[in-house]
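Comments concern the structure below.
Start at 1 with the first residue, then count along the sequence.
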Amino acid sequence: MDRHDKDIPVAEVVVAVADCSEEDARAVLDLLERSFPAESGAGGAAGGGGGGAATVWSAVLDAAKPADPAGRQETPVRLNGAVTITLQGGPRAVERVQAVLTAHFTVEEMGSVSGDQEREIELRIRS
């Protein structure tokens with residue numbers, strides 16, 4: 001973490017995972033939660049309802065506190081298909097989460113909206 005991180009107004013990133021199987025969603029969220037471990041009682045993944053309705057899995061990450069690189073050594077994450085991910089938060093925090101995804105998957109940027117204090121980006125990832 002560099003000295004400027006204290007000035008980041010929004011270090012939390014809301015992650016929404018959709019258009020995929022529950023197995024793929026959990027694999028992506030587990031990877032991100034290992035990369036940006038939450039303190040007790042913070043963040044956490046939540047799943048959407050079942051049935052015929054669309055399902056979205058989500059988590060809130062504190063991207064100001066990435067895991068120790070030694071703690072991130074793991075086997076590659078394999079997805080069964082393409083996954084759509086939306087990241088929303090402070091620009092630098094969103095960049096950090098996107099960098100983790102880019103390090104593990106093939107990432108295609110589908111669109112983004114940026115403001116002074118917040119950025120939203122939609123990605124499509126594949127193994």
Side-chain angles (χ1 to χ4, degrees):
M1 177 159 75
D2 62 35
R3 299 177 70 99
H4 299 290
D5 291 338
K6 296 175 187 171
D7 299 329
I8 297 174
V10 180
E12 288 187 343
V13 176
V14 176
V15 180
V17 181
D19 298 333
C20 64
S21 68
E22 181 176 357
E23 179 183 359
D24 283 351
R26 296 220 181 272
V28 171
L29 291 175
D30 287 348
L31 169 71
L32 292 175
E33 289 173 342
R34 283 191 309 272
S35 299
F36 302 98
E39 294 179 18
S40 273
T55 302
V56 175
W57 293 267
S58 63
V60 178
L61 306 173
D62 183 353
K65 301 175 185 177
D68 178 9
R72 289 188 281 184
Q73 301 298 328
E74 66 238 8
T75 58
V77 176
R78 288 283 176 228
L79 303 175
N80 296 317
V83 175
T84 299
I85 299 179
T86 302
L87 306 176
Q88 182 179 13
R92 290 187 63 203
V94 167
E95 287 174 12
R96 287 185 179 134
V97 175
Q98 184 176 2
V100 168
L101 292 170
T102 301
H104 289 87
F105 304 105
T106 300
V107 177
E108 177 184 1
E109 188 172 323
M110 304 300 290
S112 66
V113 178
S114 297
D116 287 345
Q117 302 298 317
E118 191 167 273
R119 181 167 189 219
E120 181 174 324
I121 186 169
E122 184 173 337
L123 306 170
R124 191 85 166 148
I125 65 170
R126 293 177 172 78
S127 290

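Each salt bridge (Lys or Arg N to Asp or Glu O under 4.0 Å) pair with one or both residues in residues 76-87, not counting sequence neighbours, would appear here, but there are none.
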Show the numbers, then the answer: is there a side-chain contact (heavy atoms from CB on, under 4.5 Å) between Glu33 and Leu61? CA-CA 7 Å; Glu33 289 173 342; Leu61 306 173; 3.9 Å; yes
side-chain contact (heavy atoms from CB on, under 4.5 Å) assessment of Val83 paired with Phe105: CA-CA 10 Å; Val83 175; Phe105 304 105; over 6 Å; no
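Shown here for Leu29 and Trp57, the closest heavy-atom pair between the two residues is CD1-CB, 3.7 Å. Contact detail for Ala93 and Ala11: the closest heavy-atom pair is CB-O, 3.5 Å. Taking each heavy atom of Arg96 and Ala63 in turn, the nearest pair found is CD-O, 3.3 Å. Looking at every heavy atom in both residues, Pro91 comes nearest to Asp116 through CG-O, 4.3 Å. Residues Gly81 and Asp24 approach most closely at N-OD2, 3.2 Å, considering heavy atoms. Shown here for Cys20 and Val17, the closest heavy-atom pair between the two residues is SG-CG1, 3.7 Å.
For the pair Arg34 and Leu31, the minimum side-chain heavy-atom distance is below 4.5 Å. Looking at Val28 and Leu101, their side chains come closer than 4.5 Å, going by heavy atoms from C-beta outward.
Evaluation of the side-chain hydrogen bond (donor to acceptor under 3.5 Å, both in side chains) rule for Glu108 yields no partner, not counting sequence neighbours.
Of the candidates Gln98, Arg92, Gln88, Gln98 is the only one forming a side chain to side chain contact (heavy atoms under 4.5 Å, CB included) with Arg119.
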Sequence neighbours left out, cut at 3.5 Å: what donor-acceptor pairs do the side chains of residues 120-127 make with other protein atoms?
| from | atom 1 | to | atom 2 | distance (Å) |
| --- | --- | --- | --- | --- |
| Arg124 | NH1 | Thr84 | OG1 | 2.3 |
| Ser127 | OG | Leu79 | N | 2.5 |

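With rounding to the nearest 0.5 angstrom, the CD1 atom of Ile85 is 12.5 Å from the CE atom of Met110.
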